[in-house]
Amino acid sequence: MFTQRKFYTPYVSPTDPCPPIRIKSYETPPQLYLGFQPPCLPQYATAKEALYRGTLWPALYSPYESPYKRGDTGE
Amino acid sequence: MWYYEKKLQYPVRVRECNPRLAKFLIEQYGGADGELAAALRYLNQRYSIPDKVIGLLTDIGTEEFAHLEMIATMVYKLTKDATPEQMKEAGLGAHYVNHDNALFYENASGTPWTASYIQAKGDPIADIYEDIAAEEKARATYQWIINMSDDPELNDGLKYLREREVVHSQRFREAAEILKEERGKKVYF
Ligand SMILES: [Fe+2]
């Protein structure tokens, strides 16, 4: 299974004026990996949940939280 | 920084004085999907993208300037000795009034180049996909210009430039794959 967020370590100069963010991240949502959507993908159990998520299929669901809030960009 | 080599990336030959064709070609000089937009788009995106694809943006962005120079040479050759009367007949009367026979960063309908032609979204996936789209649009533009040109020597240069768009698109597609890769799965030395 793929991850929906990737991390990388940009170059940091010893003379950078702001305190460096050593690990940065970017989003890689599921549509990048699915290819042509296969038939009969599993669906959410209820219409209510599908409407709430914005998609019928968990395979296409992309949760998003600010990387600054989750604190998972730190070391 | 850059080193400059005082020659064109691929030889430019033009068979006849044809300002009408120059008016079409200027699209690839100062148009939305032209070489100036391409060079500036890629070189500017380098600062906010993962290290693994920075080098690619530098290389392709630099090559786009070499293409810009080829287009400039083509336009220059097509118009340099055109009289005001010929410019007017070619639909370049307004251009002549503003610029004489000078080149200008404008599209085929005379709209000046603008930075809003290019994007830097900061999201690596969005930026690389924009680059792939830009290469395909440039390839298409070259096709439509070739379709309207009956100058075989000029078309030879245009076909070379079209092929470079194909290669660039392939490289950006590879960059997208690199961005999609899981970290830690492969170790690079
Ligand atoms: Fe290109």
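In what follows, every chain begins at residue 1, and chains take the letters A, B, ... in the order their sequences are listed.
Counting only distance, with no hydrogens or angles, the side chain of Y26(A) and the backbone of L179(B) share a donor-acceptor pair below 3.5 Å.
Using non-hydrogen atoms only and a strict 4.5 Å limit, the part of residues 26-49 of chain B facing chain A consists of S48(B), I49(B).
No single ILVMFWY cluster, assembled from side-chain heavy atoms under 4.5 Å apart, contains both L161(B) and I132(B). Under a hydrophobic clustering in which Ile, Leu, Val, Met, Phe, Trp and Tyr are joined whenever their side-chain heavy atoms come within less than 4.5 Å, directly or via other members, L8(B) and L25(B) fall into the same cluster.
Between atom CG of residue D123(B) and atom CD of residue E27(A) there is a gap of 7.5 Å, rounded to the nearest 0.5 Å. We find the CG-NZ distance between L32(A) and K180(B) to be 5.5 Å, quoted to the nearest 0.5 Å.
Within the 4.5 Å cutoff, the side chain of D51(B) has heavy atoms near those of the Y11(A) side chain.
Heavy atoms of other residues, nucleotides or ligands lying less than 6.0 angstrom from OH of Y4(B) number more than 12. Heavy-atom neighbours of K77(B) NZ from other residues, nucleotides or ligands within 6.0 Å: above the threshold of 12. Within 6.0 Å of CD in Q37(A) there are more than 12 heavy atoms belonging to other residues, nucleotides or ligands.
Hydrophobic clustering, defined by side-chain heavy atoms of Ile, Leu, Val, Met, Phe, Trp and Tyr closer than 4.5 Å, groups L60(A) together with L34(A), L41(A), L56(A), W57(A).
For the salt bridge (charged side-chain N to carboxylate O under 4.0 Å, His left out) condition, the pairs that include at least one residue of residues 138-148 of chain B, sequence neighbours left out, are E136(B)-R139(B). Within the structure, every pair that satisfies the ring-ring contact (aromatic ring centres under 6.0 Å, His included) test and touches residues 120-170 of chain B, not counting sequence neighbours, is listed here: Y10(B)-Y160(B), H67(B)-H168(B).
Salt-bridge formation is detected for the pair E182(B)/K6(A): a Lys NZ or Arg NE/NH1/NH2 atom is positioned less than 4.0 Å from an Asp or Glu carboxylate oxygen.
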